[in-house]
Amino acid sequence: MAQAKSQNKILTGNRLRNGETVYYTAAGVWSPYVAEAKVATTPEEADALAKIGAAAYAANLVIDVNVIDVTPGGAANPAHIREVIRATGPTVRADLNKPVTPPQR
Amino acid sequence: MYIYDKFDHTITRERVAEFSQQVARRLTGELSEDQFRPLRLMNGLYLQLHAYMLRVAIPYGTLSSKQVRKLADIAKKYDRDYGHFTTRQNIQYNWIKLEQVPEILAELASVEMHANQTSGNCIRNVTADQFAGVAGDELEDPRIISEIIRQWSTFHPEFSFLPRKFKFAVTGAAKDRAAIQFHDIGIQVVKNDAGETGYAVYVGGGMGRTPVVAPLIKPFVARTELLSYLEACLRVYNLHGRRDNMYKARIKILVRDLGPAEYARQVEEMWPLTRAAGVDIEPAEEARIRAFFAPPPYEKIAEPVASFVDARAKTRAFAQWVQTNVHTHKVAGYGAVTISLKPIGGIPGDASSAQMHAIADLADTYSLGEVRVTHVQNLVLPNVKQADLFAVWQRLGEIGFAEANIGLVTDIIACPGLDYCSLANARSIPVAQQLSERFADLDRQHIIGPLQIKISGCINACGHHHAGHIGILGVDKAGQEFYQITLGGAGDETASIGTLLGPGFAGEDIVGAVDKVVNTYLELRQAPSETFIEAYRRVGATPFKESLYGRR
Ligand code: HEM
Ligand code: SF4
C-alpha cells in the first residue's frame, strides 16, 4: 500500500543519559511520546526543527538526531515502519511497548 | 573453566575504571558524541532503536552457573528482565541506560566478565564448538587454544585498529559445529602424519554483503607456533587491508584479491619476523592454561543406564527430546543437553532472568556448574548424567525450554532485525515466530528432518542467512518489508553459500513460500533419510524455483 505523500515532519532522537527514544514537542521539551511531537508542515518549519536538533545534540541532550516523515495522520503516525517501531517498541514484545500519548495520570 | 589470574583481574578492573570516567565525562558534556562513540563501541555499547544496547562477551561460549546468575541479575536490575543470546555466543541487553553502564561493567567484572572488544575494528570474541571438552569426536578441547587467542588478542596494541572487525572460530573436531569457514580466521585442531596435534588455519571467510567460504591457508601449524603464525596473518592484513572502503575492508576481500596462494606466501614471508619477536606461548604457560580445561571429575557409570532406558521407553515425548536435544558425551553414562531457546512462537535466543536462574540451578545440580552458549542461539548443559536427563527435561519443560527441536525446522536463527536494530531493513523475529507456529507439529518436524532456517534483517547477515539451508534476508522494497529466500547454504564442514531463488516475498507471504519449499523437498527426496541439504545438492534450485514462481 502506497503511503500518502506529505511534507509533515517531526524531530526525534535518543536521550543521551538513558538512550530513550524521544520527540521534540511544541512546548520545547523532549517527550517519550510520539503524538506529542511538534509537526513541521513546511520546508521552512522542517529546517527550524533540524536546527533545534543540531543544537540539542551539541548541548549533549540527545544523540542520533533526525527529522523524520510523518503521514498526514499526524505526529503519531510516522511514515516509515522503522519509525513506527522506534516510537512504540519492539512489535514482538507488546508487554514492553509504550503508548503514543502519555498515560492518563 | 579458565579462572582469571591477577593480570586478567587487573586489566579488567582498570578498563572498567577507565570507561566509567569516560562515561562521566560524556554525561557532563566534556566529551562529545563524536569523541565518545568509538570509546563506547570499544566497550560493547551500541545505540539501537529504543535504547543503548550492551553486548557482553562470553569467551568461546562457556559460562559458569555463577556467571549465568549474574547475567540474569543484570537483566532484572538494569534491563527489562531478559537478554538475547546471539550467534556470536554473546549476550545482548536491549534497554541499557548509559548512566548505569559503569555499574553493570563492575558487576560483570566481579564474575570475570566484560564487554571488551565486542565491537569495533579489533579481534572480537573467539567462538568455539559448544560441545568443547565433551564431544566424543574432538581431537582436543578447542577452548584451550581459544583462551590462548583470547589472551593474545586482548588489548593487542597492533590489532586495536584493524581495517575492520575480525572474528575467530575454533573447532576441535572434524565435524564443524562452529561455522569456522565463515570467520575471518577459522581454526581446526588436526593431527599431522607424525601424529602430532596442531592446527589447520582457514583465512578470509565471512558473511555480510560479500559472503565467502574461507580457503585453507595452512594445513598444519605446530601447537607452539600458532600465535606467531596468526600474528603474521593479521599483520599482512593490517598492512594491506582496504582502509579506503568499508565494504572492502574485511580480510576476505584481501585474500580474494591477492588469491589464497599469494596471501599464504606473504604470511610465510612475514612469519619469521613474528616468530623472532617471541609472541609464541611458552610451553609452561600453555600447560598452565591447558590445565584449566582438564576434564572435571566424572563418575564411572556403566551403560546402559536402566532408568534412562526405561524413561525413554515409557515417555515418548522424552524419547523425542533425547533424540534431538541430547548429544553423545565422550564419557559413558553422560549426555550433553541442548536447551532449546526456541519454544514454538518464541523469540529465538531470548531468555528471562527467571529462566536464566533456573538454568543456573540446573547446571549446579546436574551439570557440574557449567553452561554453554551455541552459535545457533541455544544453551547447553554439557555434563548431565543419563540418569538425570529425565529430571532435567521435566524442569526445562516447566520453564518453557524443553522443545525437542534442535537441528529441526523450528530451531531457527534470527537476528534482532527491525524490532531492535538500527541498521535493519525488515523484522526477523516475527518471521521466525510465524515459521515456528507453522511448523509446530513435532511429528511433522521429525518427518522433515534436519533443516536449518536462518534469518537476517539486513545484508550484514548477523543471522547467518547465507549459511542457512533455507536463508531468509529482509530487504526494504519502497518502504515495505520484503523477504528474499536463499537455498543451499551450510555452516558446517561442507560449508556453502545459499543461492538466491528469485524475487522477494511480502511479510504476509514469506511463511507460505517457505512451506512450499519444504513441501517441494518432501516430494522430491529419494528417501526419508535424504536430508534437505542433500536433496538440494542433488537437484539444485530449479524445482524449488518452479514451485515458488511457476515454470518460466
Ligand atoms: C546492534 C546490533 C548489531 C549491529 C549494529 C551489527 C552490525 C553488523 C555489521 C555492520 C555486520 C557486517 C560486517 C561486515 O560485513 O563487515 C555484521 C555482521 C555480523 N554480525 Fe552483527 N550487528 C548487530 C547485531 C548482531 C547480533 C545480535 C548478532 C548475533 C545474533 C550479530 C552477529 C553478526 C555476525 C555473525 C555477522 C556476520 C559475520 C561477519 O561477516 O562478521 N550481530 N554485524
Ligand atoms: S543482520 Fe542487519 S538487521 Fe540483523 S542484527 Fe545485523 S545489522 Fe541488524
Side-chain angles (χ1 to χ4, degrees), chain A residues 1-6 8-10 12-23 30-34 53-66 68-73 77-100, chain B residues 23 25-34 36-37 40 45-54 79-82 84 94-101 345-348 350 414 416-434 457 476 478-481 506-507:
Chain A
M1 45 162 204
Q3 212 66 255
K5 275 268 179 257
S6 110
N8 296 357
K9 293 182 191 292
I10 60 175
T12 180
N14 292 76
R15 230 190 272 284
L16 169 70
R17 258 187 316 112
N18 58 12
E20 185 181 28
T21 303
V22 286
Y23 301 87
W30 293 86
S31 161
Y33 306 107
V34 66
Y57 177 81
N60 301 304
L61 291 175
V62 284
I63 57 176
D64 202 14
V65 180
N66 286 296
I68 59 165
D69 294 329
V70 292
T71 67
N77 299 284
H80 197 281
I81 178 164
R82 176 185 197 272
E83 292 301 332
V84 175
I85 293 173
R86 254 186 97 243
T88 47
T91 61
V92 293
R93 288 297 300 262
D95 56 324
L96 300 179
N97 285 181
K98 70 177 175 188
V100 296
Chain B
V23 170
R25 288 161 63 204
R26 176 70 188 112
L27 289 170
T28 61
E30 201 181 319
L31 289 176
S32 70
E33 186 61 17
D34 285 344
F36 182 66
R37 189 184 301 110
R40 72 165 154 80
L45 190 64
Y46 286 77
L47 183 70
Q48 293 287 76
L49 293 181
H50 315 293
Y52 291 96
M53 180 275 276
L54 183 67
D79 203 271
R80 300 200 175 174
D81 211 20
Y82 68 106
H84 180 69
N94 296 302
W95 303 91
I96 294 298
K97 300 183 170 75
L98 177 61
E99 49 203 5
Q100 292 183 328
V101 170
I347 299 178
D350 273 13
L418 192 55
D419 282 297
Y420 295 95
C421 178
S422 55
L423 303 179
N425 284 324
R427 285 172 290 171
S428 308
I429 297 168
V431 175
Q433 291 176 309
Q434 288 160 35
D476 176 336
Q480 305 293 315
E481 296 169 291

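To find a chain, count down the sequence lines: A is the first, B the second, and so on, and within it residues start at 1. Remember, predicted model here, so these are calculated numbers, not experimental data.
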Participant: Write down the atom of Ser422(B), the atom of Arg82(A), and the distance for their closest heavy-atom approach.
Facilitator: O-NH2, 3.1 Å
Participant: Listed by chain and number, what are the side-chain contact (heavy atoms from CB on, under 4.5 Å) partners of Arg80(B), not counting sequence neighbours?
Facilitator: Leu96(A), Tyr82(B), Trp95(B)
Participant: Given that the side chain runs from C-beta out, which part of Leu47(B) has a heavy atom under 4.5 Å from chain A: side chain, backbone, both or neither?
Facilitator: side chain
Participant: Heavy-atom distance under 4.5 Å to chain A: side chain of Asp81(B), backbone, both or neither?
Facilitator: neither
Participant: Is the backbone N or O of Glu20(A) less than 3.5 Å from a side-chain atom of Tyr52(B), with the two atoms forming a donor-acceptor pair by type?
Facilitator: no
Participant: For chain B, find which of Asp64(A), Leu16(A), Asn60(A) contributes the most heavy-atom pairs closer than 4.5 angstrom.
Facilitator: Leu16(A)
Participant: Would you name the heavy atoms of Pro430(B) and Val92(A) that are closest together and state the gap between them?
Facilitator: CG-CG1, 3.7 Å
Participant: Looking at every heavy atom in both Gln48(B) and Asn14(A), which two are closest together, and how far apart are they?
Facilitator: O-ND2, 4.2 Å
Participant: Let me confirm one number: the CZ-CZ distance from Arg17(A) to Arg26(B), rounded to the nearest 0.5 Å.
Facilitator: 13.0 Å
Participant: Do you know which two heavy atoms are closest between Leu49(B) and Thr21(A), and how far apart they sit?
Facilitator: O-OG1, 2.9 Å
Participant: Step by step, would you call Glu33(B) with Val62(A) a side chain to side chain contact (heavy atoms under 4.5 Å, CB included)?
Facilitator: CA-CA 10 Å; Glu33(B) 186 61 17; Val62(A) 284; over 6 Å; no
Participant: Are more than 12 heavy atoms from other residues, nucleotides or ligands located less than 6.0 Å from atom NZ of Lys98(A)?
Facilitator: yes
Participant: Just jot down the side-chain contact (heavy atoms from CB on, under 4.5 Å) partners of Asp95(A), sequence neighbours excluded, or say none.
Facilitator: Arg93(A)
Participant: Side chain, backbone, both or neither: which part of Asn94(B) has a non-hydrogen atom closer than 4.5 Å to chain A?
Facilitator: neither
Participant: Any non-hydrogen side-chain atom of His50(B) less than 4.5 Å from a side-chain atom of Thr88(A)?
Facilitator: no
Participant: With side chain to side chain contact (heavy atoms under 4.5 Å, CB included) as the test, would you mind laying out the steps for Arg427(B) and Ile81(A) before giving the verdict?
Facilitator: CA-CA 10 Å; Arg427(B) 285 172 290 171; Ile81(A) 178 164; 3.7 Å; yes
